[in-house]
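Hydrogens, waters and symmetry mates are skipped; everything else that's a heavy atom, side chains included, is used. One is the number of the first residue; the rest follow in order along the sequence.
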Amino acid sequence: MSPAASSHALKHPPVKAPSEPAGVDSDFPELGVAIDRARRRGRGAQSNASGRYEAEARVAFDDGWQSLEELPPFKTTVAVDTSRKVITRNESPDIGFDRSINPYRGCEHGCVYCFARPTHAYLGLSPGLDFESKLFVKPEAPSLLEKELAAPGYEPRMIAIGTNTDPYQPIERERKIMRGILEVLERAGHPVGIVTKSALVVRDIDILARMAKRNLAKVAISVTSLDPKLARTMEPRASTPPKRLEALKQLSDAGIPTTVMVAPVIPALNDSEIERILDAAAHAGVKEASYVLLRLPLEVRDLFREWLMANYPDRYRHVFTLIRDMRGGRDYDAKWGERMKGTGPMAWTIGRRFEIACERLGLNKRRSKLTADHFARPNRNGDQLSLF
């Protein structure tokens, strides 16, 4: 970024959106500046526009000194999140849990469609490239969790992990925060449901298998596409589709209840793969399945639009036409009960195709249920131990 760009920051950068395909109305007069491909290699987002709460937006432009060529590639940086609590509560009526844990903020997987991207705006960062390159870790998560579970008024119910950012993203190999959390939950006999798209989850099969024997653990793995090119472009640093299917097989063989998530379903891009993904997962031993329609809240809408124009410009018009058909004419509708599945004939067709495939493959015949009957409140420092 040149000095001129820094001193003349604008709240709305005067950058025009890519030209719209014929017949599609432009809802996006301004978008973040696209970052040079060499600088964002291996990343999902095309740009790094300022978050929605920032008073200023900074624009990189060539001032004649070729300074843009000197900008370094985006590198992953890690900072410590000093949150004093680790369990997050929610009252959403259309999801099956009321509490969750996110060991990390930001996600290096770089999935362009990730609905968690807008949360980086709360940190004063961009939901674009910042989200996948500026990560925050919670190293004290296991000890904080143990403290919260030991609180006198705590009532155990399933804790969901991976509902925002992936707990098994690449940084977990080194940090092992997720493994520490599982160790706390196993000792306390507390139920946990995990969602990931990383094969790294098999590292913790030993803990998960022991917990599964007591109906304390289940794992869902998202398989978005079996097309390696599409998966690499859309989810650049996530595990490959074959690795995810192999992880499902290893988890199933270990007696751990597994679910394949066809998520997100993107019309005219990966919706044709629904049956193939379910078939592959069933052959891997999976017994349960679910799907979620593409969600485009807040900044995700623009980021996905940029990505689609850059990688599949010939499908842009068709994809957004179908998205709007399933969202009441809008790009996204956050209404409870409809945000996951959409509405209209196309949404109904996707749902029915999914149901028919599940019936054919024998999926969802029984739903695994976790129990909180084994919960034993951890002893806090200074607590007197029971004699019995």
Side-chain angles (χ1 to χ4, degrees), residues 16-32 34 37 40 43-47 49 109-118 127-128 131-132 197 222-236 238 241 261-278 290-335 338-354 357:
K16 297 299 181 183
S19 59
E20 291 278 5
V24 178
D25 295 331
S26 177
D27 296 327
F28 312 94
E30 299 168 351
L31 289 179
R37 183 180 295 272
R40 56 177 171 80
R43 306 291 180 178
Q46 310 291 305
S47 64
H109 281 161
C111 304
V112 69
Y113 53 75
C114 181
F115 62 81
R117 284 182 176 273
F131 176 79
E132 49 194 286
K197 53 171 58 71
S222 170
V223 181
T224 313
S225 173
L226 299 180
D227 179 344
K229 181 180 178 181
L230 175 58
R232 180 62 182 270
T233 306
M234 190 162 53
E235 308 163 334
M261 296 181 65
V262 186
V265 174
I266 306 174
L269 198 63
N270 73 339
D271 64 307
S272 63
E273 298 189 68
I274 292 174
E275 290 82 1
R276 291 178 55 220
I277 293 172
L278 293 175
S290 66
Y291 80 96
V292 178
L293 193 64
L294 175 69
R295 298 169 59 189
L296 298 176
L298 301 171
E299 291 94 344
V300 182
R301 176 184 64 178
D302 291 4
L303 292 167
F304 180 74
R305 180 176 185 270
E306 290 176 331
W307 175 87
L308 196 58
M309 287 292 294
N311 293 281
Y312 297 92
D314 57 321
R315 304 191 195 186
Y316 174 81
R317 176 182 179 183
H318 194 196
V319 169
F320 265 89
T321 297
L322 293 175
I323 287 174
R324 290 165 181 170
D325 285 346
M326 294 188 287
R327 297 296 187 186
R330 298 182 292 274
D331 294 323
Y332 183 55
D333 184 354
K335 187 181 300 180
E338 295 182 3
R339 57 180 180 158
M340 306 292 188
K341 307 298 182 184
T343 58
M346 183 63 182
W348 181 88
T349 300
I350 288 174
R352 188 59 184 141
R353 282 175 52 202
F354 177 85

How long is the straight-line distance from SG of Cys114 back to NZ of Lys197, given to the nearest 0.5 Å?
7.0 Å

Closest non-hydrogen atom pair between Pro297 and Pro118, with its separation
O-CG, 3.9 Å

Could you work out, with side chain to side chain donor-acceptor pair (under 3.5 Å) as the rule, every residue matching Asp333, not counting sequence neighbours?
Arg330

Test side-chain contact (heavy atoms from CB on, under 4.5 Å) on Asp302 and Glu299; report intermediate values, then the result.
CA-CA 6 Å; Asp302 291 4; Glu299 291 94 344; 5.8 Å; no

Minimal non-hydrogen separation, Ser47 against Leu303, with atom names
OG-CD2, 3.8 Å

Nearest heavy-atom pair of Asp271 and Arg353: which atoms, and what distance?
O-NH2, 2.7 Å

Write down the atom of Val112, the atom of Gly44, and the distance for their closest heavy-atom approach.
CG2-O, 4.0 Å

Is there a donor-acceptor pair closer than 3.5 Å between any side-chain N or O of Glu132 and the backbone N or O of Ala45?
yes

Indicate, with yes or no, if the rings of Tyr312 and Tyr316 have centres closer together than 6.0 Å.
no

Counting only heavy atoms not in Arg232, do more than 12 fall under 6.0 Å of its CZ?
no

Measure across Tyr291 and Ala347 and return the closest heavy-atom pair with its distance rounded to 0.1 Å.
OH-O, 4.5 Å

Between Cys111 and Pro236, the two heavy atoms sitting closest are N-CD, 4.4 Å

Rounded to the nearest 0.5 Å, the CZ atom of Arg317 sits from the CG atom of Leu322 at a distance of 11.0 Å

Gap separating the OG atom of Ser290 from the CG atom of Leu278, nearest 0.5 angstrom
9.5 Å

Is any side-chain heavy atom of Asp331 closer than 4.5 Å to one of Arg324?
yes

Holding to side chain to side chain contact (heavy atoms under 4.5 Å, CB included), I want the full list of residues that pass it with Asp227, two or more places apart in sequence or in another chain.
Ser225, Lys229, Leu230, Glu273

Quick one: pull up OH in Tyr332 and CZ in Arg339 and give me the separation to the nearest 0.5 Å.
5.5 Å

Pair Phe320-Leu308, side-chain contact (heavy atoms from CB on, under 4.5 Å): steps then yes or no
CA-CA 10 Å; Phe320 265 89; Leu308 196 58; 4.0 Å; yes

Among Thr224, Leu294, Leu226, whose side-chain contact (heavy atoms from CB on, under 4.5 Å) with Asn270 holds?
Thr224

Nearest 0.5 Å, please: how far is CZ in Arg295 from CZ in Arg327?
8.0 Å

Once rounded to the nearest 0.5 Å, what's the spacing between atom CE of Met234 and atom CG of Asn311?
10.5 Å

Is a side-chain donor or acceptor of Lys341 paired with a backbone partner of Trp348 at a separation under 3.5 angstrom?
no

